[in-house]
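Predicted, not measured: the structure shown is a model, and the values here were computed from it. Heavy-atom basis, side chains included; hydrogens, waters and symmetry copies ignored. Residues take their numbers from the sequence shown, with the count starting at 1.
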Amino acid sequence: MSERASVPKEDEQDEKHEDAAPVTTGAQSVVRALENAGTEYVFGVQGGAIMPVYDALYDSDINHVTMAHEQGASHAADAYGIVTGDPGVCFATSGPGATNLVTGIADANMDSDPVIALTGQVPTDFVGNDAFQETDTVGITQPVTKESYFANSPDTVGDNVSEAFALADEGRQGPTLVDLPKDVTQGETDIEPKAPATPDTYEVQEEADDEDVQEAADAFAAADRPVILAGGGVIKANASAALREFAMEYEVPVVTTMPGIGSFPEDHELSLEWAGMHGTGYANLAITNTDCLLAIGTRFDDRLTGGVDSFAPDADVIHIDIDPAEISKNIYADYPLIGDARKVLRQLFDAMPRAPEADAWREQCQDWKDEYPMEYETPDDEPLKPQYVVETFSDVTPDDTIVCTGVGQHQMWASQFWEYTEPRTWVSSHGLGTMGYGVPAAIGAKLAAPDQEVVCFDGDGSFLMTVQGLSVAVRENLDITYVILNNEAVGMVRQWQDGFYEGRRMASEYPWIPAFDKLAEAFGARGFRLEAEEDVEETIQAARDYDGPSVIDAHIDPGENVFPMVPSGGDNGLFALQEDHLEML
């Protein structure tokens, strides 16, 4: 297992289970494999085909959290994995239970989040007969997992689960799935599962070639306008401390990707915050004008790069990534360094002949920060501004507060106007952009870090998609504050319609939404209605003081949009600061 994982060693496992009842069924072997891997929580929904595994879970110390929908189970497991760094686990039954997991599995796959999904399946003799609640779960999920297994024997099913757990964590993290036919989990066996381990054929390169590292270090040291681009892989590899040491020692400005938020403290003078479609103007200008870009753990997705031809056009690119498939996939790497981000950063640190002579460049980056600050207007005669709600919340909460979001305008405001200083405090859906992610993700995040405050910013449209998860937060008495930035619309869609479709607002306005504060009370949570700027601090404090889940229904200015903005496929150095700028780009 990787250094991230807290899986017990094999001798520790033997000692732990020497007094445990012997394994007698495939289902018990599945649960024993999870216990061996150090699983603390499972998020799931009970059902017929998965029932033998649930029965075996009855006598286990593993905590099961019954979710209100299987999609919520996969999102909660995903968030648990983001916050802890170890795989989150979700259960579902066959057929619709398994297919309801797919959105969350695909989400985890896009963001390289460690998740293991265990799904019930009809007995093997029924497979292919269109049996009740039968679906080809392996066939459906193979494109969106690192590996999907079909368990075919009670003697080996535990090993399948152990291997899937290890594979989800090792190298580039991601989701795995084991499909569990009911006759396999009910079948007899006395074989204890092996300790978690990846297949012998699975190899991960941990360190880059020393000669390649030296060439990259020499190029970076010679740069006049160096920039570090920190992606989500920095956080996955627990490389945030190494990044901070490198950047501060060599005084290099740092830009993050959106998944990389928190990898470098945004209150530091070298921070340019995050780049991309709605990133800061100064981050995008720095990348556009750099002559040497050190990119770490990023796949250069289109929301980051805009048009690839205009992305860092004058830069030599040093790309550190543990996955060779990402090297030169979207952006050509002049200096490819394959390996674990933390270890390769240490190699690069040691190989640097000197710091880049970049005093003038740092001054230029500061000038851009002064020229294009992240700011917003708060006129007395206009409705509540969402940026103010986010910013005020950031000011009154601890630095290690975990922020979860759904997907939409609220997600952008939460990433732009909250000041992130610690890794694993930003939990969101990036590559897949899954509306509805926030409510269940906050549940997984809170159980992963019970001593940290958890705030979930959501939109009215996104919240409605998984609102049933609020019942889980109430039942588990989880101290989570949900903040709905309510503009009675699918705001990002409406913003695009106004900017690019001549204002034709087709199916984007939601004037029929419920009173979310009252809906929260119906679920057993505490509800607050917020409409005026002068009530923001008091309402936030009241919600935080409540011991349990609370929902702030914040009615924001429906005309407020997200800026800066780079049009899709555009030049990151040419960003709009307001809607009429879009016409000039």
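The side-chain contact (heavy atoms from CB on, under 4.5 Å) test with Val204 singles out one residue from Asp340, Asp323, Ile322, and that residue is Ile322. Each of Thr137, Thr93, Val157, Thr119 was scored for a side-chain contact (heavy atoms from CB on, under 4.5 Å) with Leu180, with one residue passing: Val157.
In this structure, Arg244 and Gly262 approach most closely via the heavy-atom pair NH2-O, 3.1 Å. The shortest heavy-atom contact between Ala79 and Ala445 is CB-N, 4.0 Å.
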- Query: When you look at Phe457 and Trp418, which way does the side chain to side chain contact (heavy atoms under 4.5 Å, CB included) test go after all the steps?
  - Reply: CA-CA 11 Å; Phe457 289 99; Trp418 191 287; 3.6 Å; yes
- Decide yes or no on side chain to side chain contact (heavy atoms under 4.5 Å, CB included) for Thr66 and Gln46, but give the supporting numbers first. CA-CA 8 Å; Thr66 298; Gln46 173 68 285; over 6 Å; no
- List the steps and the verdict of salt bridge (Lys or Arg N to Asp or Glu O under 4.0 Å) for Lys236 and Asp113. CA-CA 8 Å; Lys236 306 293 184 190; Asp113 296 335; 2.3 Å; yes
- Query: Given the rule in the side chain to side chain contact (heavy atoms under 4.5 Å, CB included) test, do Thr434 and Met465 qualify, once you have shown the distances and angles that lead to the verdict?
  - Reply: CA-CA 10 Å; Thr434 307; Met465 291 192 172; over 6 Å; no
- Evaluate side chain to side chain contact (heavy atoms under 4.5 Å, CB included) for Phe523 paired with Val551, printing each intermediate quantity in order. CA-CA 11 Å; Phe523 274 106; Val551 175; over 6 Å; no
- Message: Between Glu476 and Lys446, is the salt bridge (Lys or Arg N to Asp or Glu O under 4.0 Å) condition met? List the steps.
- Response: CA-CA 11 Å; Glu476 300 295 326; Lys446 186 61 180 179; over 6 Å; no
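Checking side-chain atoms of Thr39 against main-chain N and O of Leu34 turns up a donor-acceptor pair under 3.5 Å. At distances below 3.5 Å, at least one donor-acceptor pair connects side-chain atoms of Ser429 with backbone N or O atoms of Gly433. Within the 3.5 Å criterion, the main-chain N or O of Thr298 finds a donor-acceptor partner in the side chain of His319. Under the 3.5 Å distance criterion, the side-chain polar atoms of Ser462 are matched with a main-chain donor or acceptor of Gly436. Without hydrogens or angle criteria, Asn330 side chain to Arg299 main chain gives a donor-acceptor distance under 3.5 Å.
Side chains of Ser148 and Thr141: a donor on one and an acceptor on the other come within 3.5 Å. Between the side chains of Glu35 and Ser60, at least one donor-acceptor pair of N or O atoms lies under 3.5 Å. A donor-acceptor contact closer than 3.5 angstrom links the side chains of Glu163 and Tyr149.
With values rounded to the nearest 0.5 angstrom, Asp169 atom CG is found 8.0 Å from Lys146 atom NZ. In this structure, Met412 CE and Ser428 OG are separated by 7.0 Å, a value rounded to the nearest 0.5 Å. Rounding to the nearest 0.5 Å places CE of Met67 at 9.0 Å from OG1 of Thr466. Within the model, atoms OG1 of Thr124 and CZ of Phe150 stand 6.5 Å from one another, a figure rounded to the nearest 0.5 Å. Put simply, CG on Leu101 and CG on Asp107 are 12.5 Å apart, with the number rounded to the nearest 0.5 Å. We find the CD1-CG distance between Ile235 and Leu243 to be 9.5 Å, quoted to the nearest 0.5 Å.
Taking a cutoff of 4.0 Å between a charged side-chain nitrogen and a carboxylate oxygen, Lys343 and Glu206 qualify as a salt bridge. Ion pairing between a basic and an acidic side chain is recognised when a charged N comes within 4.0 Å of a carboxylate O; Arg346 and Glu245 show such pairing.
Put simply, the side chain of Val403 does not reach to within 4.5 Å of the side chain of Thr397, judged on heavy atoms. Here the side chains of Thr425 and Tyr420 are in contact, with some heavy-atom distance below 4.5 Å. In this structure, Leu432 and Asp111 have side chains that are not in contact, with every pair of non-hydrogen atoms separated by 4.5 Å or more. Here the side chains of Trp426 and Thr405 are in contact, with some heavy-atom distance below 4.5 Å. Taking the side chain as every heavy atom from C-beta outward, Ser263 and Pro423 never approach each other to under 4.5 Å. Contact annotation: the side chain of Asp159 never approaches that of Ile191 to less than 4.5 Å [non-hydrogen atoms, C-beta and beyond]. Proximity of Leu485 to Phe463: side-chain heavy atoms (C-beta onward) are nowhere separated by under 4.5 Å. In this structure the side chain of Asn63 reaches within 4.5 angstrom of the side chain of Glu40, judged on heavy atoms.
The local environment of CZ in Phe349 is crowded, with over 12 non-hydrogen atoms from other residues, nucleotides or ligands closer than 6.0 Å. No more than 12 heavy-atom neighbours from other residues, nucleotides or ligands sit within 6.0 angstrom of CZ on Phe132.
Using bins of under 30°, 30° to 60° and over 60° for the plane-to-plane angle, the ring pair Tyr41/Phe43 lands in the parallel bin. Taking the six-membered ring for Trp and thresholds of 30 and 60 degrees, Tyr54 and Phe91 have ring planes more than 60 degrees apart, a perpendicular arrangement.
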